K.L.:
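Let me begin by handing over the structure; questions about it come next.
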Amino acid sequence: MSDNKRPENMARINTPALGDAFIAEQVEALKKQIGDKKVLLALSGGVDSSVVAALLIKAIGKNLVCVHVNHGLLRKGEPEQVIKVFGEELGATLIYVDAVDRFLDKLAGVSDPETKRKIIGKEFIDVFAEEAKKLEGIEFLAQGTIYPDILESVGVKAHHNVGGLPEDLNFELVEPVKFLYKDEVRVVGKQLGLPDSMVYRQPFPGPGLGVRCVGAITRDRLEALREADAIVREEIGKLPETPWQYFCAIPDIQSTGIRYIDGQGQRYMGWAVVIRAVNTVDAVTATVPEIPFSVLCKMRDRIVKIPGVNRVLWDISEKPVATIEWE
Ligand code: XMP
C-alpha cells in the first residue's frame with residue numbers, strides 16, 4: 001500500500017464518537033512519531049491547519065510552533081481569531097508575523113491575476129522560510145494536507161494553493177489528517193473544541209482577498225472589500241440555509257454617485273461592490289441560489305455606508321460560463 005492511499009478498512013468519521021477515537025489514536029501516533037522534538041506549522045486559521053494545530057497541541061503541547069502569516073489579504077477578524085483561539089485559549093506557541101506591508105508593497109501596481117497569485121505564493125514561502133530559519137531545533141514540518149489534496153494533486157487546490165512550503169528546509173513531514181475528507185476534518189475539529197466559525201468556514205482561496213480585489217490592489221479598495229465581505233458573511237450567514245460560498249468582489253472600476261452636502265447634490269466617483277453567492281458540489285460547476293430581496297437590500301444599505309463605495313451589484317452568473325472567483 002502506498003503511503004498516500006487511504007487504508008481500505010478505515011471507517012468514515014461521521015459521528016462525534018468516531019471523531020474522538022480518531023483524535024485519541026492520532027495523538028498517540030504523533031507522540032510516538034515526534035517524541036520530544038519540535039514541529040513547525042504554518043497556521044492560516046483555515047479548518048485543515050487549525051485541526052492539525054489542535055491535534056498537535058494535544059500531543060506535544062509547546063513543542064508545536066505555529067507561524068501565522070498575516071499577508072493583509074485575510075478576512076475581517078481572522079488574524080485576531082487565530083491569536084485568540086490558539087495563542088490565548090489553547091496556549092500554543094504562536095509566532096504572529098505582520099507581513100501586510102511587505103505583501104501589499106510587492107503587489108502594488110500588479111494587475112495580472114496569475115502574477116498576483118505568484119507574488120502572493122512566493123512571498124508566503126519566503127516569509128515562512130525566514131521565520132523557520134530563525135528557530136532552533138525544529139525537525140518536523142506539519143501540514144494540513146487532506147485526502148482530496150492527494151487525490152487531486154493536479155487539481156484545483158494544489159494548483160491554486162498558496163501554502164506550498166519551502167523545499168530547502170529539510171524537515172520530516174507530519175500530516176495527521178491526510179486521509180480525511182473535509183467533512184471528517186470538520187467532525188474532528190468540532191470534537192477538538194474549535195469554534196464553529198473555524199470548523200464550518202466556507203472555502204477561502206489561498207491568495208485570499210487578493211483574487212477578489214480585482215486588478216491592481218490598493219489599500220483603500222482592499223479595506224472596502226474586507227468590510228463588505230464581513231457584512232455579506234454576516235447577513236447571508238443568518239439565512240436558514242446558507243449557500244456553499246458567499247462573498248464579495250470589488251472590481252477596479254468607479255462609477256458616478258451622488259451625495260448631498262448642505263442640501264446640495266454633488267456627483268462623485270465611487271466603487272461598485274459585487275455580491276457573489278454560489279452553490280456547488282465540487283466547485284467545477286456552480287449555480288446561483290435565490291437570496292431574498294430583503295436580504296439583498298439590507299446588505300446594500302450597509303455596504304453603501306463603507307467609505308468610497310456607492311454601488312452594489314449582485315452577480316447572478318453561473319459556472320460555467322463565469323468562474324466562482326472574479327480572478
Ligand atoms: P473558481 O474561481 O476557479 O473557484 O471557480 C473554484 C473554487 O476554488 C476556490 N479557489 C481557490 N482556492 N486558491 C485556493 O485555495 C486559489 O487560488 C483559488 N482560486 C479559487 C474558489 O474559492 C472556489 O471555491
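Just so you know, ligand 1 is whichever comes first in the structure, and atom 1 is the first atom listed for that ligand. Note that the structure is a prediction, hence the values are computed from the model and not measured.
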K.L.:
Would W326 count as a contact residue for ligand 1, given that I'm defining contact as a non-hydrogen atom of the residue lying under 4.0 Å from a ligand atom?
P.N.:
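No, that is not the case, since the closest heavy atom of the residue is not under 4.0 Å from the ligand.
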
K.L.:
Is K133 paired with E130 through a side-chain N to carboxylate O contact shorter than 4.0 Å?
P.N.:
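Salt bridge flag = no for K133 with E130.
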
K.L.:
Between K37 and E172 (salt bridge meaning N to carboxylate O under 4.0 Å), is one present in this structure?
P.N.:
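No.
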
K.L.:
Name all pairs fulfilling the salt bridge (Lys or Arg N to Asp or Glu O under 4.0 Å) condition that reach into residues 199-208, sequence neighbours left out, sorted by first residue then second.
P.N.:
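Those involving residues 199-208 are E78-R201.
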
K.L.:
May I ask you to check whether W244 has an N/O atom sitting below 3.5 Å from an N/O atom of ligand 1?
P.N.:
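There is no such contact.
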
K.L.:
Using a 3.5 Å cut-off on N or O atoms only, is R117 in polar contact with ligand 1?
P.N.:
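N/O-N/O distance under 3.5 Å: yes.
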
K.L.:
For K118, check salt bridge (Lys or Arg N to Asp or Glu O under 4.0 Å) against everything at least two apart and list the hits.
P.N.:
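In terms of salt bridge (Lys or Arg N to Asp or Glu O under 4.0 Å), with neighbours along the sequence ignored, K118 is linked to no residue.
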
K.L.:
Among V309, L225, V232, exactly one meets side-chain contact (heavy atoms from CB on, under 4.5 Å) together with V273. Which residue is that?
P.N.:
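It is V309, the one option of V309, L225, V232 that forms the side-chain contact (heavy atoms from CB on, under 4.5 Å) with V273.
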
K.L.:
Any nitrogen or oxygen of G206, main chain or side chain, under 3.5 Å from a nitrogen or oxygen of ligand 1?
P.N.:
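So ligand 1 has an N or O lying under 3.5 Å from an N or O of G206.
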
K.L.:
Output the list of atoms in ligand 1 that are nearer than 4.0 Å to some heavy atom of P207, sorted by atom number.
P.N.:
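Those of ligand 1 that fall under 4.0 Å from P207 are 13 (N), 16 (C), 17 (O).
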
K.L.:
Could you pull out, from K319, K116, E327, the option with a heavy atom nearest to atom 1 (P) of ligand 1?
P.N.:
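Nearest heavy atom to atom 1 (P) of ligand 1 lies in K319.
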
K.L.:
Search all heavy atoms of V69 against all heavy atoms of L74 and return the closest pair with its distance.
P.N.:
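V69 and L74 have their closest heavy atoms at O-CD1, 4.2 Å.
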
K.L.:
Flag A283 as yes when one of its N or O atoms lies below 3.5 Å from any N or O atom of ligand 1, and as no otherwise.
P.N.:
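In fact, backbone or side chain, A283 has no N or O that close.
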
K.L.:
Just jot down the ligand 1 atoms closer than 4.0 angstrom to any heavy atom of T323, in number order.
P.N.:
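Reading through ligand 1 atom by atom, the close ones are 1 (P), 2 (O), 5 (O).
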
